[in-house]
Asks: 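I have a structure here, written as structure tokens, and I will follow up with some questions on it.
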Amino acid sequence: MTEHAVVIVGGGSTGLMLAGELALAGVDAAVVERRASQHLPGSRAGGLHARTIEVLDQRGIADRFLAEGQVAQVAGFAGVSFDISDFPTRHPYGLGLWQNHIERILAGWVEELAVPFYRQRAVTGFVQDDTGVDVELSDGESLRAEYLIGCDGGRSLVRKEAGIEFPGWDPTTSALIAEVEMAEEPELGVRPDARGVHGLGRVEYEIRDGEIVYADHGPVRVMVTDEHVSTSEPTLRDLSEAVTSVYGTDYGMHSPIWISRFTDMTRQAAAYRERRVLLAGDAAHVHSPVGGQGLNTGVQDAVNLGWKLAQVVKGASPESLLDTYHDERHPVGARVLRNTMAQVALIRPGDARLDALRETVADLLSIDEPRKRYAAMMSGLDIHYDLGEGHPMLGRRMPDLDLVTSDGPRRVFALLHEAKPVLLNLGHPGGLDITPWTDRVPLVDADFGGTWELPALGEVPAPAAVLVRPDGYVAWVSDGTGAGLEDALTRWFGQGNRDTPS
Ligand SMILES: Cc1cc2nc3c(=O)[nH]c(=O)nc-3n(C[C@H](O)[C@H](O)[C@H](O)COP(=O)(O)OP(=O)(O)OC[C@H]3O[C@@H](n4cnc5c(N)ncnc54)[C@H](O)[C@@H]3O)c2cc1C
């Protein structure tokens, strides 16, 4: 039986990100993926939000995505678009880039990190005991892992086999989504009507001056809201009938590349961990695609989990560190569920009172303070893990400050490229001593003369030192002294090595 420290089930965007994080941390992780290659028959998710771009920047790979996508203002709420160009981030925008390209680029990175893949095989079951998990594959082979991570999508076998409840709400609306060729020139753009929102657009497009400019030929991406909620697998005929019922013609559609259906089913795993089994991405949460948050949330789940799992596998931290994954990410997922449900309700057509409510919400969101709050939420830039009382930076994302160090100018995010934590001492050089942790936590003395500003919160007092976790969230803020630093180092990075010579 082949052994790995971690087996990841599913090599979609979540599984790939987790595989990369574990490989960077030097953990033997393998991915089991049913698909023969990374090829996705359809385009699926439409892009990345600002915080996901930052997270990729923290690993030095954001440029790969930016080079292929279309930078645009993509954050919005219930039809209200937000311009976040005034937000204090190096990436005050989103990125239009189809999921098939996002996965291809992520897979290229993971391949460079030499992560082993078991392709064209599905996990069919597993049994966990006190020291590990036996994992059965569809080809009859078995793997043994210390931890098994279900990144296997909304219908997750891992979640079901682990007996984790998936409470939530059944769908109230559904839509057909497809990519097809059309013999005639279709009416491109969004078309709302009494049934719901529909849209036709070419898969290939550019954003010029904030406007989508579609290619003049190539496959068309179709979205048609169903008249009645459905969850069945659609055919070309279903699609043709649905398009005809809205547009009066199917524009001579043929040669479908991909036909699917999505709903607003809203569910979340009751627990993200069941002993040695953990869930991330769609396996842990499903919801309407409104607001484009699913892939982004999954990638950020992976970045929260990766370094914690690495520390536990390496024996540096106790297993209880893994519970902070649920404690931190479950509320983030729950908030995404809540905001998608609110948006689905607000954009439901055909009721004058709802129209009035939507206009009222739009009106409120045109005021600067609510706009900033909601834009920070939809772009993921406001995520705040509850790490206790203290400085406003505690539990929030570390900004990508331009520092001056003894090695020259450095961006904070560049210090995170290897997925290690960093203790930034911005006060008196040499003022902090963390000798027992130097094997795990680099200490960088740096100067920063600018202001500390957070999206939506605004300016915060400049800390004298911060401990930044590998996922880019601040775990400790100095009050001008080293008080609490040892506790924070122990809590997040395990007991210090008291044998280390000082
Ligand atoms: C129409 C639509 C539009 C969307 N738009 C956006 C958007 O704009 N922005 C956004 O952030 N999100 C969007 N989403 C959501 C996004 O597509 C998902 O959230 C994302 O794909 C989740 O990634 P994942 O890796 O968690 O799961 P998946 O992408 O479902 O990947 C799971 C992987 O596991 C594999 N697998 C499953 N079971 C097994 C098994 N037993 N053994 C081995 N392998 C297995 C599958 O083959 C698959 O590769 C959209 C979704 C839809 C449907």
Side-chain angles (χ1 to χ4, degrees), residues 7-19 30-53 55 69 72 74-76 94-103 106-107 117-126 135-139 143 148-161 171 174-179 197 199 221-225 258-265 269 279-302 305 333 336-337 340 378-380:
V7 167
I8 298 167
V9 189
S13 42
T14 307
L16 290 170
M17 193 71 211
L18 182 60
V31 179
V32 183
E33 169 54 56
R34 178 185 283 151
R35 288 185 276 158
S37 73
Q38 207 59 49
H39 175 72
L40 259 191
S43 48
R44 288 185 75 182
L48 302 175
H49 281 296
R51 179 57 187 154
T52 312
I53 302 173
V55 158
V74 300
L95 188 71
L97 182 64
W98 296 119
Q99 180 164 348
N100 47 358
H101 299 303
I102 295 171
E103 287 196 13
L106 275 176
F117 268 75
Y118 295 84
R119 280 206 181 272
Q120 267 182 301
R121 273 162 278 190
V123 166
T124 52
F126 59 85
V135 187
E136 285 164 36
L137 305 190
S138 50
D139 63 355
L143 302 174
L148 181 73
I149 318 299
C151 300
D152 50 343
R155 295 179 183 149
S156 172
L157 172 129
V158 175
R159 184 186 67 233
K160 291 174 195 155
E161 291 279 309
S174 62
L176 292 165
I177 184 149
E179 280 167 39
V197 179
R221 185 165 150 122
V222 181
M223 192 193 88
V224 190
T225 301
W258 167 65
I259 307 179
S260 187
R261 179 169 254 134
F262 68 82
T263 77
D264 67 335
M265 181 167 73
L279 303 175
D282 276 18
H285 37 73
V286 295
H287 48 79
S288 158
V290 64
Q293 301 166 90
L295 181 151
N296 288 270
T297 309
V299 166
Q300 292 178 46
D301 286 345
L305 176 59
V336 170
L337 263 60
T340 57
M378 297 307 294
S379 58

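Order of appearance sets the numbers: ligands from 1, and atoms from 1 within every ligand.
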Asks: Heavy atoms only: give me the nearest Leu143-Val7 pair and the separation to one decimal.
Replies: CD1-CG2, 4.1 Å
Asks: Could you tell me whether some N/O pair between Val123 and ligand 1 is separated by less than 3.5 angstrom?
Replies: yes
Asks: Under 4.0 Å, heavy atoms only, figure out whether ligand 1 is touched by the backbone of Ser13, its side chain, both or neither.
Replies: both
Asks: Go through ligand 1 atom by atom and flag the ones less than 4.0 Å from a non-hydrogen atom of Gly12.
Replies: 25 (O), 31 (O), 33 (C), 49 (O)
Asks: Looking only at distances, please establish whether an N/O atom of ligand 1 is found under 3.5 Å from an N/O atom of Glu103.
Replies: no
Asks: Can you list the steps and then say if Gln300 with Met17 is a side chain to side chain contact (heavy atoms under 4.5 Å, CB included)?
Replies: CA-CA 9 Å; Gln300 292 178 46; Met17 193 71 211; over 6 Å; no
Asks: Treating Arg34 as the side-chain partner and Val123 as the backbone partner, does any N or O pair qualify as donor plus acceptor under 3.5 Å?
Replies: no
Asks: List ligand 1 atoms under 4.0 Å from Val9, heavy atoms only on the residue side.
Replies: 40 (C), 42 (N), 43 (C)
Asks: Arg121 near ligand 1, heavy-atom distance under 4.0 Å?
Replies: yes
Asks: Based purely on interatomic distance, does Gly281 place a nitrogen or oxygen under 3.5 Å from a nitrogen or oxygen of ligand 1?
Replies: no
Asks: Without swapping roles, check the side chain of Glu103 against the backbone of Leu40 for a donor-acceptor pair under 3.5 Å.
Replies: no
Asks: Going by the atom numbers of ligand 1, which of them fall below 4.0 Å from some non-hydrogen atom of Ala122?
Replies: 42 (N), 43 (C)
Asks: Is there a donor-acceptor pair closer than 3.5 Å between any side-chain N or O of His287 and the backbone N or O of Gly333?
Replies: no
Asks: Could you tell me whether Arg119 atom CZ has more than 12 heavy atoms of other residues or ligands within 6.0 Å of it?
Replies: yes
Asks: Checking the N or O distance criterion of under 3.5 Å, is ligand 1 in contact with Arg34?
Replies: yes
Asks: Could you tell me whether Ile177 approaches ligand 1 through its side chain, its backbone, both or neither, with non-hydrogen atoms closer than 4.0 Å?
Replies: side chain
Asks: Arg35 heavy atoms, cut-off 4.0 Å: which ligand 1 atoms fall inside?
Replies: 47 (O), 49 (O)
Asks: Working note: Leu16 + Gln38, criterion side chain to side chain contact (heavy atoms under 4.5 Å, CB included); need CA distance, chi angles, decisive distance, verdict.
Replies: CA-CA 10 Å; Leu16 290 170; Gln38 207 59 49; 3.5 Å; yes
Asks: Is the closest heavy-atom distance from Gly292 to ligand 1 below 4.0 Å?
Replies: yes
Asks: Quick check against the 3.5 Å criterion: does Glu161 have a side-chain atom that pairs as donor or acceptor with the backbone of Thr124?
Replies: no
Asks: Which protein heavy atom lies closest to atom 6 (C) of ligand 1, and at what distance to 0.1 Å?
Replies: Ala45 CB, 3.2 Å
Asks: So which protein heavy atom does atom 27 (O) of ligand 1 come closest to, and at what separation?
Replies: Gly153 CA, 3.7 Å
Asks: Looking only at non-hydrogen atoms, find the nearest pair between Leu18 and Cys151 and report the distance.
Replies: CD2-SG, 4.1 Å
Asks: Using heavy atoms and a threshold below 4.0 Å, how should the contact between Gln293 and ligand 1 be classified: side chain, backbone, both, or neither?
Replies: backbone
Asks: Taking the side chain from Ser156 and the backbone from Asp152, do they hold a donor-acceptor pair closer than 3.5 Å?
Replies: no
Asks: Taking heavy atoms and a distance under 4.0 Å, where does Val158 meet ligand 1: side chain, backbone, both or neither?
Replies: neither
Asks: Report the nearest protein non-hydrogen atom to atom 33 (C) of ligand 1: residue, atom name, distance rounded to 0.1 Å.
Replies: Glu33 OE1, 3.7 Å
Asks: Please step through side chain to side chain contact (heavy atoms under 4.5 Å, CB included) for the pair Leu305 and Ile149, ending with a clear verdict.
Replies: CA-CA 10 Å; Leu305 176 59; Ile149 318 299; 3.9 Å; yes
Asks: Of the choices Gln300, Arg155, His49, Gln99, which has the non-hydrogen atom that lies closest to atom 17 (O) of ligand 1?
Replies: Gln99
Asks: What atoms of ligand 1 come within less than 4.0 Å of a heavy atom belonging to Val32?
Replies: 43 (C), 44 (N)
Asks: Which residue and atom name correspond to the protein heavy atom nearest atom 19 (O) of ligand 1, and how close is it?
Replies: Asp282 OD1, 2.7 Å
Asks: I'd like to check whether Gly46 has a polar contact with ligand 1, where a contact means an N/O of the residue lying under 3.5 Å from an N/O of the ligand.
Replies: yes
Asks: Any luck finding a side-chain donor-acceptor pair between Thr340 and Gln293 under 3.5 Å?
Replies: no
Asks: Considering only protein heavy atoms, which is closest to atom 29 (O) of ligand 1, and at what distance to one decimal place?
Replies: Arg44 NH1, 3.6 Å
Asks: Rounded to the nearest 0.5 Å, what's the gap from NE2 on His285 to CG on Leu337? Could you check?
Replies: 8.5 Å
Asks: Evaluate the criterion side chain to side chain contact (heavy atoms under 4.5 Å, CB included) for residue pair Val9 and Leu148; output intermediate values, then yes/no.
Replies: CA-CA 7 Å; Val9 189; Leu148 181 73; 3.6 Å; yes
Asks: N/O to N/O below 3.5 Å, does that happen between Gly294 and ligand 1?
Replies: yes
Asks: Which residue owns the protein heavy atom closest to atom 26 (O) of ligand 1, what's the atom, and how far is it?
Replies: Thr14 OG1, 2.8 Å
Asks: I'd like to know if the side chain of Arg159 reaches the main chain of Ala283, judged simply by a donor and an acceptor atom lying under 3.5 Å from each other, with no hydrogens or angles considered.
Replies: yes
Asks: Please write down residue, atom name and distance for the protein heavy atom closest to atom 12 (N) of ligand 1.
Replies: Leu295 N, 3.0 Å
Asks: Looking at atom 32 (C) of ligand 1, what's its closest protein heavy atom, distance included?
Replies: Cys151 O, 3.4 Å
